[in-house]
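Heads up, the thing below is written out as structure tokens.
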Amino acid sequence: MKPTTFVFITCLGMTLVMIAALFLLPQVPSDTVTLEDGSQQHLVKTHGYIHDRFPSMRQGGPSLERHGAATWLGLVFVLVQVLFYGGCLAMGASRNGRLGPMKTPIIAGTAVLGLIFVALFWSYLRYINTESPTLFLSLPRPTAWMLLAVWPMPVFFMIAYYRLFDSWFFTAEDERRLEELVASEQAEERG
Amino acid sequence: MESSRNIIVLVCLGIYFALCIGVGVWAMRRTKSTHDFFMAGRDLGIIVTACAIFSSTLSGFGFVGGPGLVYNQGMSSVWMIVCGTVATCFSFFLVAKRLRLISEVHNTVSLPDAVALRYNSEVSRFLTALAIILGVVGYLAAQIMAMAVVLQEILNNVDFIPEVGIGLSMAISCAVLVFYCVTGGIIAGVYTDVVQGLVMMVAGVLVLFAAIAAVDGGVAGGVTTMMQDDPEAIGPWGTLGVMGSLSFYFLFVVGACGQPHIITKLMMTRRIRDFKQIIIVSSVAGTLAALLWIAIGLAMRALVVGGDHPELTHPDDAAYSFLQSYAHPILAGIVFAGLFAAIMSTADGFLNIGAAAVIHDIPKALIGRPLKSELFWARTATLIIAVGAALFVRFSKDDLVALLGTFGWGTFAAAIVPTVAIGFNWKRATAMAANVAIVSSLALNLIIELSGYRVPFGIHGGAISLILSTTLFFTISLLTPQPKLSKSIDTIMDL
């Protein structure tokens, strides 16, 4: 499958996720609160609400309950996102429809990033259901996955870019063709 | 002590302003043509380009709004930082080489120039320039407001300086910005970016240590305090929740390669081969500078929740309060200079692309040629845009500026990502698809922002418009006849 076709399919996948989030999934839980002027306000807690002691902050509240099915939709969303990223990187790295030596790094890197997100979700479910969660390097475990794995992992793609730049992304032959192109454009401009 | 702290901060800021002015004077001698003014003569080295890219990415929002968001929402907004590594890969894999090649072969001076050549369409050029101008107005206004507020706060804390109003502090900070942008164009912009980038990196690392020292029990102590208060706040999704956080991640990964003030700088490198080093340098430097965002936000939340610091009046006070209360005066001075560096490095990029759109792209799209005496008009347009944005900020409602500031990133992302990042790597993409993607992104972003519609699950409106515009771009390209590319564009897309 061509990278562009793959990216288009993942785009459609993300559109479906957005349709589900915007129109199909209910936001739970919600409360109806009475304001000082006597009017009532429907408060949705799905994406946090004003902290009960510090009004300049927000709080998350009863986590799994507030997320409802959005937790699983979130997992689908991020996995489709990761596939989209892999597809886009493949689009940028392909030469005449071929990925050449970049094929393995892109496929492997995309798979690893996807697995990291699966581990993050799994770790989050355990974290939120535990009374006294343990810390890893001073961080809650799912937060550690986020900061210590999701963040640095794409450096792998950068290393592949660095190592293969001269032999794949822009070769000596490409440089020669570029010089020819510049010369021919300049000649055309001169008339 | 408090008095000397404020004087040290003011001195650091004075040194930084003097450096910017010095660079402006130096760059003026090197700016001899429009090509120098907008493209820095396409002669930037590895370090300069890398610093220009990462420092333009971290705007005043990163130094003021960012820590405020972490304080307010917990970990949710940290996804805007965590995405940085993938975002850098996106920009280099998809955009860097193609833009630089088009720039070299066709001697382009702006992003709309490259778009017009790729799609062989003046309408596409016009719409890209229009999207840039709309985004620039909002973004620039927000940066100018941030500069003025911080400078006023600093000046009013120094005993021997009489009360300074917001108008005067705006005039002082804008004068420095306008001076180096008008005299030295983008050459001054990118070389001040080097100074600014170094200041931001140093500030990021030092603030991390100061934050760890400020919280009782260090990182583990702060995390435990926050967990006891609300486990979600320090969990990966923060208080915003899973869908909202992941929409940040998506918008900021993909959107990075649609920010014109950043990707235009990819057209300015001396050699295409330098990209392989620039990707590493800009990513590492950006990560170090971003530590400030996370460290201050989390430290202030832990300090307030733990009862060690009074509650902040407004989340955006997080950085200022932290620096005044917990940082050594010299560090506070460096960070405040870093803050101005972050704001100015973004603002100068906006001024430059805005001026290019006004005096080069719009006339070219409408009358088929750029203005005569382009360098003169470039300087004049830079001045007018800066003054116009300052007046707009001064006389508009506060929330309008914030609204337009938010509008900027999402608008650029949704309009330019499909057109440039996808379209420059896919020969099947058509001008009609690019035009529809730009118009739909502008319309949807405006509707979401102006209607005040609260998107369910805290999903960012910009993420929705980005997904929609990209999907439309693919669909319309597949439904319209395959375009015939010019020989040079066809060759460039094969390289």
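What you see is a predicted model, and the numbers here were worked out from it, not measured in a lab. Below, read A as the first sequence line, B as the second, and so on, with proteins coming before strands; counting in each chain starts at 1.
- Remark: of the listed residues B:T85, B:V86, B:V82, B:V82 is the sole one forming a side-chain contact (heavy atoms from CB on, under 4.5 Å) with A:V150.
- For A:M91, the parts lying under 4.5 angstrom from a heavy atom of chain B are both the backbone and the side chain.
- Using a 4.5 Å heavy-atom threshold, the side chains of B:L101 and A:F170 count as touching.
- At distances below 3.5 Å, not a single donor-acceptor pair connects side-chain atoms of A:S56 with backbone N or O atoms of B:T313.
- With a threshold of 4.5 angstrom between heavy atoms, B:L478 approaches chain A through side-chain atoms but not through N, CA, C or O.
- Here the two rings, on A:F169 and B:F275, have centers that are 6.0 Å apart or farther.
- Within residues 70-77 of chain B, the residues that have a heavy atom under 4.5 Å from a heavy atom of chain A are B:Y71, B:N72, B:M75, listed by number.
- Side-chain atoms of B:R98 do not come within 3.5 Å of backbone N or O of A:G92 as any donor-acceptor pair.
- For the set B:I492, B:V219, B:T287, B:D229, the entry with the most heavy-atom pairs within less than 4.5 Å of chain A is B:D229.
- Contact of B:V78 with chain A is made through backbone and side chain together, with heavy-atom distances under 4.5 Å.
- At a 4.5 Å heavy-atom cutoff, B:F424 makes no contact with chain A through either its backbone or its side chain.
- With a 4.5 Å cut-off on non-hydrogen atoms, A:L89 touches chain B through its backbone and its side chain both.
- Contacts of A:M102 with chain B are made by side-chain atoms alone, with heavy-atom separations under 4.5 Å and no backbone atom involved.
- No side-chain heavy atom of A:S138 sits less than 4.5 Å from a side-chain heavy atom of B:V223.
- Here the closest heavy-atom approach between residue B:C89 and residue A:M158 is recorded as SG-CG, 3.7 Å.
- No hydrogens or angles considered: nothing links the side chains of A:H51 and B:D230 as a donor-acceptor pair under 3.5 Å.
- Residues A:M146 and B:W79 form a side-chain contact, since some pair of their non-hydrogen atoms from C-beta on lies under 4.5 Å apart.
- For B:W237 and A:F121, the ring centers sit closer than 6.0 Å to each other.
- Aromatic ring pairs are classed by plane angle as parallel below 30°, tilted from 30° to 60° and perpendicular above 60°; the pair B:F250 and A:Y85 is parallel.
- When atom types are taken as modelled, the side chain of A:Y161 and the backbone of B:I280 share no donor-acceptor pair closer than 3.5 angstrom.
- Ionic pairing of A:R53 and B:E311 is not present here: no N-O contact between side-chain nitrogen and carboxylate oxygen is shorter than 4.0 angstrom.
- Side-chain contact between A:F8 and B:T470 is absent, with no heavy-atom pair separated by less than 4.5 Å.
- Both the backbone and the side chain of B:I81 come within less than 4.5 Å of a heavy atom in chain A.
- In this structure, A:Y127 and B:P231 approach most closely via the heavy-atom pair OH-O, 2.7 Å.
- Heavy-atom distances place the backbone of A:T171, and not its side chain, under 4.5 Å from chain B.
- A donor-acceptor pair under 3.5 Å is absent between the side-chain atoms of A:Q81 and the main chain of B:Y249, judged by distance alone.
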